[in-house]
Structures are given as structure tokens and as C-alpha cells.
2 protein chains.
Amino acid sequence: MRILVVEDDTNLNRQLSDALKESGYVVDQAFDGEEGHYLGDTEPYDAVILDIGLPVMDGITVVEKWRGNGKGMPVLMLTARDRWSDKVAGIDAGADDYVAKPFHVEEVLARVRALIRRAAGHSSSEIVCGPVRLDTKASKASVDGVQLKLTSHEFRLLSYLMHHMGQVVSRTELVEHMYDQDFDRDSNTIEVFVGRLRKKLGGGDLIETVRGLGYRMQAPTDAL
Amino acid sequence: MRILVVEDDTNLNRQLSDALKESGYVVDQAFDGEEGHYLGDTEPYDAVILDIGLPVMDGITVVEKWRGNGKGMPVLMLTARDRWSDKVAGIDAGADDYVAKPFHVEEVLARVRALIRRAAGHSSSEIVCGPVRLDTKASKASVDGVQLKLTSHEFRLLSYLMHHMGQVVSRTELVEHMYDQDFDRDSNTIEVFVGRLRKKLGGGDLIETVRGLGYRMQAPTDAL
DNA sequence: CTTCGACCACGAGAATGCGCATGAGCCGCC
DNA sequence: GGCGGCTCATGCGCATTCTCGTGGTCGAAG
């Protein structure tokens with residue numbers, strides 16, 4: 001984890017940086033807004049601690065520039081005690097949190113940890129199997145990077161198969177997970193959907209049929 | 001976006017609730033810890049404002065119970081001035097942010113905005129999707145730089161969709177976040193609003209309908 | 001090797017029901 | 001009372017899904 005500390009008070013900067021290093025982070029330091037902005041723009045930080053009152057370019061502007069440039073790393077702002085309007089401006093500019101001066105170093109550390117933890121939670125949920133990618137959150141699937149146009153049942157089927165990659169999945173199991181309750185078991189709907197899905201997924205036999213048992217989604221590293 | 005305000009001071013509660021409603025949120029109110037806990041446990045809020053000193057059950061306990069129960073919505077705590085230990089306790093219990101009393105209402109609003117957009121994974125106060133811009137700060141939306149004239153429900157719908165860009169959002173989810181507690185679910189109101197919103201947003205099919213599942217706002221940089 | 005039975009693939013048509021537009025009534029606000 | 005916004009009902013169009021029938025494939029047994 002790499003952290004940038006932008007703070008013009010050299011004493012405070014060192015204090016924070018030391019505490020962070022002690023906690024196991026890699027720390028870069030900057031002492032004015034321009035330097036800080038440049039570093040944040042070019043280096044990949046996991047979090048930034050940013051004073052609001054800085055020489056050359058103030059903290060608000062720095063955040064705004066980063067955000068306008070697509071930089072999304074968590075930013076923790078340091079504000080003067082009673083400047084609540086600064087806090088509002090900072091938060092609206094895109095800061096994720098702030099601490100009012102004077103602060104306890106442990107509080108800053110706790111917040112940095114929280115920010116990093118939270119930022120880690122936003123990775124999109126994707127399952128990959130060979131050329132097939134499934135994004136459960138967006139309800140989208142693609143093969144070789146090409147978007148598939150799936151109906152909701154087709155998607156549910158693919159989803160279930162991909163969640164059980166490598167396993168043999170019986171027809172009844174599929175029925176039970178694709179439909180709410182009682183469903184006419186003697187119909188070949190599943191086969192029909194498997195057929196359609198195979199067609200949409202394309203050539204490589206990704207969905208293998210295990211005669212008498214059900215279907216199996218090919219694991220990516222399958223030595224046939 | 002739907003928000004719960006838990007505060008026993010009726011005056012303060014109303015003050016906050018009114019300000020939030022003015023900003024386009026749907027607000028539920030609770031006046032003691034138990035009521036607040038129950039509501040937060042059963043209804044899907046996008047954020048909660050929670051006083052720390054409450055009758056029947058204090059704020060810390062409320063958060064702890066929610067978190068222990070898997071509830072992850074952002075919680076903004078209201079603490080008494082200078083009670084540093086309360087802040088720490090609140091954060092440790094699982095609160096996401098706090099404001100010390102007495103506070104400026106705008107500060108609370110700014111923090112709520114920040115919490116909501118952070119929970120959705122956005123870093124700046126403006127959310128952009130293709131030609132559409134949503135200004136969470138001013139509660140305004142524009143297409144190609146032209147201001148849209150939206151009714152409050154239309155705005156809430158657009159806001160929720162844009163906060164969940166790329167994800168499929170179900171009709172019930174939309175209902176739950178656009179209306180407060182009791183609302184007749186079996187009607188096609190949402191479809192009507194989607195229709196109107198589409199008309200106002202103009203040609204490009206920004207709101208995609210996913211048959212059987214819900215709606216999805218098209219992400220701008222669509223990775224095909 | 002051949003034959004038989006069970007199982008599976010696939011195409012095409014039929015039926016379902018979802019989503020959309022539209023417009024009428026209703027409510028609250030000015 | 002007029003107006004703008006919200007809700008609800010109706011009917012249509014069409015994507016999706018289900019059914020059915022035929023033909024193909026596989027495995028085992030004679």
C-alpha cells in the first residue's frame with residue numbers, strides 16, 4: 001500500500017509519514033499543492049492525505065483536478081478546526097473523508113485504513129471461464145470481449161453453470177434454481193436453453209453434456 | 001435515494017428531514033433507538049443519520065446491531081461536541097462518518113451526499129454518463145449541457161439509476177428507494193416514469209430495459 | 001458388428017406475459 | 001378554480017418461453 005502525504009507543515013508531515021511507515025505503508029511526501037497534484041496524477045497511490053491550506057495550489061483545487069481527470073483514489077482531507085465551509089467544499093470536490101486539526105495521529109491512521117478497506121470493496125464481481133466473462137452485478141456476459149445478448153433465463157442458466165464450473169449439474173438442479181416452485185419436470189426446456197446458450201457462446205464446446213447426469217461447464221485449464 | 005433520520009430532538013429531526021427532502025431525498029423519521037433500529041433493519045435505506053444519544057437504545061448499540069446483522073448502509077453519526085471518545089466508539093461500532101453538534105445543516109447534507117456517492121463507488125459530486133450529467137450537490141441534471149426540467153420523482157429515478165450505473169436495477173428496488181414506507185407496489189408507476197424520463201433524456205437509449213429483471217443505465221465507456 | 005433402447009439436439013410454431021404508450025382521474029398547490 | 005404532477009387502467013405489440021415432433025447420438029447387450 002502506497003500513500004501520499006501532502007502537507008506544508010514539515011513537522012506535521014514528518015509526524016504523519018513516520019506513523020504511516022510504522023504501520024507498514026510506503027509513503028511519499030509533498031509540501032505544496034502543485035507538487036502534490038503532480039505526484040497524485042502520475043503515481044498510483046492507494047490513499048492520499050491532503051491538507052486543505054497549501055502553498056501554490058489549495059487542497060480543494062487539487063482534488064477537483066484529480067477527480068476531473070478520472071483519478072479515483074481515496075482522499076483524506078486535513079482541515080482547520082472551525083472552517084466548516086471548507087469541509088463542505090472539500091467533500092463536494094470529491095474528498096472521501098476529512099479530519100479537523102488538531103487531530104490525534106491514531107485517528108488519521110484509523111481513517112486511512114477505513115478508506116483503503118472501503119476502496120477495495122468496489123471491485124466488480126466477475127467470473128471468467130475461458131473466453132466467457134460473466135458480470136453478475138451488471139447482468140452481462142461476453143465472449144472474447146463481445147457482448148452477448150441473453151434473455152433472462154439464458155443468463156440465469158449461464159450464471160448457474162459458471163458458478164459451478166467443473167461440476168456436473170443435473171437437469172433437476174437447474175430447474176430448481178431457475179424456476180420458483182413447481183415446474184413441469186417432464187419437459188425439455190432445459191435442453192432447449194442449453195442449446196440456445198451453446199449457439200450464442202459459439203464454437204468451443206464450453207458446455208459439455210454428461211450423458212445421463214447433466215451438464216458441465218468446461219473449466220478453463222481443462223486438458224482434454 | 002431514501003434516508004432515515006434517527007434523532008429524538010423533534011425540532012432537530014424535522015429540520016434535518018426538511019432539508020433532506022428539499023434536496024430531493026425520501027426521508028423516514030424515527031425518534032428513539034428502537035424505532036430507528038427496526039426501520040433500518042427492515043427498510044432499504046441509502047443512508048442513515050443517527051444521533052448517538054437516544055432514548056431506549058443508544059446510537060452505538062443501534063449501529064452495532066445493524067452491522068452484526070449484515071446491514072451495510074452508510075451511517076452518519078451525530079455526536080456531542082468534543083466527545084472524542086464517542087466518535088471513536090461510533091467509528092469502531094461501524095459508523096461511516098460523524099458530525100459534532102452543533103452543526104450546520106449544509107455540512108450534514110454534504111456528508112450525506114458524500115456517503116451515498118461513495119457507497120456507489122463514485123468519487124466526485126458529479127456523475128456523468130454519456131451526455132448526461134447529474135449534479136448531486138445542486139440536485140440538477142443536464143443533457144449535452146442543457147438543463148433538464150425534471151419533476152421530483154423523475155429526478156429521484158434518474159439519480160438512483162446513475163448512482164448504479166452499469167448495474168441492473170429492479171423495479172422493486174426502485175420503488176423501495178423512491179418512496180417511503182408504505183406504497184402500493186402493484187402498479188406500473190415506475191414504467192411510466194421510465195418512459196417519461198427516456199423522453200426527456202432524448203434519443204440515445206441511455207436507459208436500457210432488461211426484460212424480466214429491470215433497467216440499466218448504460219455505462220459511458222462501454223467495454224465491448 | 002449389429003441392433004436396440006434411451007437419451008439428447010434442434011427447429012418451428014404457439015402461447016404466454018412483459019413492457020410501453022396513452023389517456024383519464026385524482027390530489028395538492030398556487 | 002386552474003394547473004402541474006402523480007397514479008392507475010386498458011390494450012397492443014412483440015420478445016421470450018414452452019411444447020412438440022423428428023432425427024441423431026451414445027452405450028450396452030447379443
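All values reported here derive from a predicted model rather than from experimental measurement. By convention in this document, chain letters (A, B, ...) are assigned in the order of the sequence lines, proteins followed by strands, and residues within each chain are numbered from 1.
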Give the rounded distance in Å between these two atoms: [atom1] of [X] and [atom2] of [N].
{"X": "B:Asn188", "N": "D:dC6", "atom1": "CG", "atom2": "P", "answer": "15 Å"}
{"X": "B:Glu208", "N": "D:dA15", "atom1": "CD", "atom2": "C1'", "answer": "15 Å"}
{"X": "B:Leu197", "N": "C:dC20", "atom1": "CG", "atom2": "P", "answer": "12 Å"}
{"X": "A:Arg196", "N": "C:dC8", "atom1": "CZ", "atom2": "C1'", "answer": "16 Å"}
{"X": "A:Leu174", "N": "D:dC18", "atom1": "CG", "atom2": "P", "answer": "13 Å"}
{"X": "B:Arg216", "N": "C:dG19", "atom1": "CZ", "atom2": "C1'", "answer": "16 Å"}
{"X": "B:Ile207", "N": "C:dG19", "atom1": "CD1", "atom2": "P", "answer": "15 Å"}
{"X": "B:Phe193", "N": "D:dG5", "atom1": "CZ", "atom2": "P", "answer": "10 Å"}

Kindly point out which of D:dG5, D:dT17, D:dG21 is positioned nearest to the side chain of B:Thr151?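 My answer, after comparing the listed nucleotides, is D:dG5.
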Measuring from the side chain of B:His153 (C-beta onward, heavy atoms only), which nucleotide among D:dT7, D:dG5, C:dA9 has the closest atom? D:dT7
5'-most contact on DNA chain C: B:Val192 or B:Val210, nearest heavy atom basis? B:Val210
B:Thr209 vs A:Glu191, nearer the 5' end of DNA chain C by closest nucleotide: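 That would be A:Glu191.
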State, with a plain yes or no, whether a side-chain heavy atom of [X] is found less than 4.5 Å away from one of [Y].
{"X": "B:Arg156", "Y": "B:Arg2", "answer": "no"}
{"X": "B:Val63", "Y": "B:Val48", "answer": "no"}
{"X": "B:Met1", "Y": "B:Val112", "answer": "no"}
{"X": "A:Leu158", "Y": "A:Lys200", "answer": "no"}

Go through it in stages, so that I can follow the logic: the residues are A:Thr151 and B:Arg211, the test is side-chain contact (heavy atoms from CB on, under 4.5 Å), and I'd like the CA-CA distance, side-chain angles, deciding distance and then a yes or no. CA-CA 7 Å; A:Thr151 71; B:Arg211 198 168 234 264; over 6 Å; no
Record whether the side chain of A:Arg211 comes under 3.5 Å of the base of C:dA6 through a donor-acceptor pair of N or O atoms. yes
Can you see if the side chain of [X] gets near the phosphate of [N] - specifically, an N or O under 4.0 Å from OP1 or OP2?
{"X": "A:Ser152", "N": "C:dC18", "answer": "no"}
{"X": "B:Lys199", "N": "C:dC20", "answer": "no"}
{"X": "B:Tyr179", "N": "D:dT7", "answer": "yes"}

Which residue lies more 5' along DNA chain D, comparing B:Leu150 with A:Leu150 via nearest heavy atoms: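 By nearest-heavy-atom nucleotide position, the 5'-most residue is B:Leu150.
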